[in-house]
Amino acid sequence: MSRVLVPCHVKGSVALQVGDVRTSQGRPGVLVIDVTFPSVAPFELQEITFKNYYTAFLSIRVRQYTSAHTPAKWVTCLRDYCLMPDPHSEEGAQEYVSLFKHQMLCDMARISELRLILRQPSPLWLSFTVEELQIYQQGPKSPSVTFPKWLSHPVPCEQPALLREVDGCYDLNLLSYT
């Protein structure tokens, strides 16, 4: 199945601040990144790829059009997806991630906007985000190709003959432990 990159505009991240912004205790643990698709009609999302940068958990919300008579609504399609098994260690901190539509909690059709909600509860990391974000939709289906019948039903491989004793060498399959 082919996929096509969807042109998008990734807005700068917005920190959700809790506590005093002048102290380290007020360090943001949640970032929100909005993605818009200004030159694309609502589409069916196939795959999202990105490089993690110290984000521990990811939630994704999408804005979907239901019909021409009702306003688009926001739907949560991924909730607290674990990108780092332990937020205090580096495992998974800089991995490439692919998320497919079958992993989502809702239908991924008629998408007009995307919102990534990044969480990092550990105070060890001064910053966190996702990089190299790419959104894909399903591309045109390939024309079906017909193969000759002999390619569709291959002949089973022949098993090699058992190795025989040769000049003091033994086939381990023939030896038995007694």
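Heavy atoms only: backbone and side chains are in, while hydrogens, waters and symmetry mates are out. Note that the structure is predicted; figures quoted are calculated from it, not measured.
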Participant: First locate atom CG of Leu78, then atom CE of Met108, and finally report the distance between them rounded to the nearest 0.5 Å.
Facilitator: 8.5 Å

Participant: Holding to salt bridge (charged side-chain N to carboxylate O under 4.0 Å, His left out), I want the full list of residues that pass it with Arg110, two or more places apart in sequence or in another chain.
Facilitator: Asp107

Participant: Taking Tyr53's backbone N and O only, do any of them form a donor-acceptor pair with Thr129's side chain (distance below 3.5 Å, no angle check)?
Facilitator: no

Participant: Charged N to carboxylate O below 4.0 Å: is that the case for Arg61 and Glu113?
Facilitator: no

Participant: Is there a path of hydrophobic side-chain contacts, each under 4.5 Å between heavy atoms of I, L, V, M, F, W or Y residues, that connects Val40 with Leu133?
Facilitator: yes

Participant: Evaluate the side-chain proximity of Leu83 to Phe57: yes if any heavy-atom separation is below 4.5 Å, no if none is.
Facilitator: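 Sidechains of Leu83 and Phe57: no contact.
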
Participant: Under 4.5 Å between side-chain heavy atoms, counting indirect links through other Ile/Leu/Val/Met/Phe/Trp/Tyr residues: same cluster for Tyr81 and Leu31 or not?
Facilitator: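 Linked, Tyr81 and Leu31 end up in one cluster.
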
Participant: Mind checking the CG-CZ spacing from Leu16 to Arg119? Nearest 0.5 Å is all I need.
Facilitator: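 The distance works out to 11.5 Å.
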
Participant: Looking at Glu47 and Ile135, would you say the former's side chain and the latter's main chain have a donor-acceptor pair under 3.5 Å?
Facilitator: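 It does not hold such a pair.
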
Participant: Are the side chains of Val97 and Thr49 in touch, meaning some heavy atoms are under 4.5 Å apart?
Facilitator: no

Participant: Got a second to check how far Gln94's CD is from Met84's CE, nearest 0.5 Å?
Facilitator: 9.5 Å

Participant: Would a 4.5 Å heavy-atom cut-off, applied to side chains only, mark His88 and Pro123 as touching?
Facilitator: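 Yes, side chains in contact.
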
Participant: Any carboxylate oxygen within less than 4.0 angstrom of a Lys/Arg side-chain nitrogen, looking at Asp34 and Lys11?
Facilitator: no

Participant: Atom CD of residue position Gln134 - does it have more than 12 heavy atoms of other residues, nucleotides or ligands inside 6.0 Å?
Facilitator: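 Counting other residues, nucleotides and ligands, CD of Gln134 exceeds 12 neighbours.
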
Participant: Output yes when a side-chain donor or acceptor of Gln64 lies under 3.5 Å from a complementary backbone atom of Ala109, and no otherwise.
Facilitator: yes

Participant: Test of understanding: with ring-ring contact (aromatic ring centres under 6.0 Å, His included), list the residues that count as partners of Phe43, not counting sequence neighbours.
Facilitator: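 Per chain and number, Phe43 pairs via ring-ring contact (aromatic ring centres under 6.0 Å, His included) with Phe37.
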
Participant: Evaluate the side chain to side chain contact (heavy atoms under 4.5 Å, CB included) criterion for residues Val32 and Leu118: first the C-alpha distance (whole Å), next the side-chain angles of each, then the deciding distance (0.1 Å), finally the verdict.
Facilitator: CA-CA 6 Å; Val32 176; Leu118 317 176; over 6 Å; no

Participant: Which heavy atom in Tyr136 sits nearest to a heavy atom in Arg3, and how many Å separate them?
Facilitator: CE1-NH1, 3.4 Å

Participant: Show the nearest heavy-atom pair for residues Asn52 and Gly92, with the distance to one decimal.
Facilitator: ND2-O, 3.0 Å

Participant: Mind listing the closest non-hydrogen atom pair of Phe128 and Val30 along with its distance?
Facilitator: CZ-N, 3.9 Å

Participant: Is a side-chain N or O of Ser122 found less than 3.5 angstrom from the main chain of Leu124, in a donor-acceptor match?
Facilitator: yes

Participant: With rounding to the nearest 0.5 angstrom, report the NZ to CD distance, Lys51 to Glu131.
Facilitator: 6.0 Å

Participant: Working to the nearest 0.5 Å, report the span between SG of Cys82 and CG of Leu58.
Facilitator: 10.5 Å

Participant: Checking the side chain of Trp125 only, and the main-chain atoms of Glu90 only, is there a donor and an acceptor separated by less than 3.5 Å?
Facilitator: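 Not confirmed, Trp125 side chain does not pair with Glu90 backbone.
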
Participant: For Gln103, check side-chain hydrogen bond (donor to acceptor under 3.5 Å, both in side chains) against everything at least two apart and list the hits.
Facilitator: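 Gln103 satisfies side-chain hydrogen bond (donor to acceptor under 3.5 Å, both in side chains) with no other residue.
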
Participant: Can you tell if the side chain of Ile111 reaches within under 4.5 Å of the side chain of Pro42, non-hydrogen atoms only?
Facilitator: no

Participant: If only atom types and distance count, is the side chain of Ser112 paired as donor or acceptor with the main-chain N or O of Arg63 below 3.5 Å?
Facilitator: yes

Participant: Applying side chain to side chain contact (heavy atoms under 4.5 Å, CB included), run through Gln137 and Glu44 and close with a yes or a no.
Facilitator: CA-CA 6 Å; Gln137 65 182 337; Glu44 182 172 349; 5.8 Å; no

Participant: Any chance the side chains of His9 and Thr36 put a donor and an acceptor closer than 3.5 Å?
Facilitator: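 There is no such pair between these side chains.
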
Participant: Counting C-beta onward and ignoring hydrogens, is there a side-chain heavy-atom pair between Thr76 and Ile60 closer than 4.5 Å?
Facilitator: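 Sidechains of Ile60 and Thr76: no contact.
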
Participant: With rounding to the nearest 0.5 angstrom, report the SG to CD1 distance, Cys8 to Ile48.
Facilitator: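 Result: 10.0 Å between the selected atoms.
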
